[in-house]
Amino acid sequence: MADWQVGDLALCVVGGFVTVPGRVYTVSKLAVGKNGLVLQLAEFEHLERHRLRKSLAARFRKVTPPPADEFDRETIALMNRAPAKEPSNA
């Protein structure tokens with residue numbers, strides 16, 4: 001069993017009502033159900049039917065992205081920069 005935590009990325013390997021095999025979801029909450037560990041997925045928190053927000057952890061594999069390299073850090077820094085100011089008409 002994977003050591004799941006809130007914020008982990010979960011690769012769907014067996015689809016369900018709303019999950020699609022091959023897609024990656026974000027774990028927002030953990031619970032223990034009668035059939036095992038249950039993951040609540042952030043992508044489905046907007047759904048009104050509470051049971052559709054949760055999926056058995058056995059249907060997923062934990063994804064651990066590689067550490068950021070220099071290119072990743074530069075790209076993130078550029079994306080986080082303050083927007084350029086509009087030139088004034090002075």
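What's counted below: heavy atoms across the whole structure, side chains too, no hydrogens, waters or symmetry copies. This one's a predicted model, so the numbers in the text were calculated from it and none came from an experiment.
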Throw together a table of side-chain donor-acceptor distances under 3.5 angstrom for residues 63-73, partners on residues two or more places apart or in other chains.
from: D69; atom 1: OD1; to: F71; atom 2: N; distance (Å): 3.2
from: D69; atom 1: OD1; to: D72; atom 2: N; distance (Å): 2.9
from: E70; atom 1: OE1; to: R73; atom 2: NH2; distance (Å): 3.4
from: D72; atom 1: OD2; to: D69; atom 2: N; distance (Å): 3.2
from: R73; atom 1: NH1; to: A68; atom 2: O; distance (Å): 2.7

Side-chain donor-acceptor distances from residues 6-14 under 3.5 Å, at least two apart:
from: D8; atom 1: OD2; to: Q5; atom 2: N; distance (Å): 2.6
from: D8; atom 1: OD2; to: K62; atom 2: NZ; distance (Å): 3.3

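Side-chain contact between L56 and L37 is absent, with no heavy-atom pair separated by less than 4.5 Å.
Hydrophobic clustering of Ile, Leu, Val, Met, Phe, Trp and Tyr side chains at less than 4.5 Å, counting indirect connections, keeps L78 apart from I76.
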- Test log, rule side chain to side chain contact (heavy atoms under 4.5 Å, CB included), inputs T26 and L41: CA-CA 6 Å; T26 307; L41 305 172; over 6 Å; no
- side chain to side chain contact (heavy atoms under 4.5 Å, CB included) between V32 and V38, intermediate numbers included: CA-CA 6 Å; V32 177; V38 176; over 6 Å; no
- Query: Checking side chain to side chain contact (heavy atoms under 4.5 Å, CB included) for the pair F60/V27: CA distance, chi angles, key distance, verdict?
  - Reply: CA-CA 11 Å; F60 296 87; V27 177; over 6 Å; no
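Residue G16 comes nearest to R59 through the heavy atom pair CA-NH1, 3.7 Å, listed as atom of the first residue, atom of the second, then distance. Shown here for P21 and G15, the closest heavy-atom pair between the two residues is CG-N, 3.5 Å.
Between Y25 and F44, the ring planes lie tilted relative to each other; the angle falls in the 30° to 60° range.
Here the straight-line distance linking atom CD of E45 with atom NZ of K54 works out to 11.0 Å at 0.5 Å rounding.
For the salt bridge (Lys or Arg N to Asp or Glu O under 4.0 Å) condition, no pair includes a residue of residues 13-24, sequence neighbours left out.
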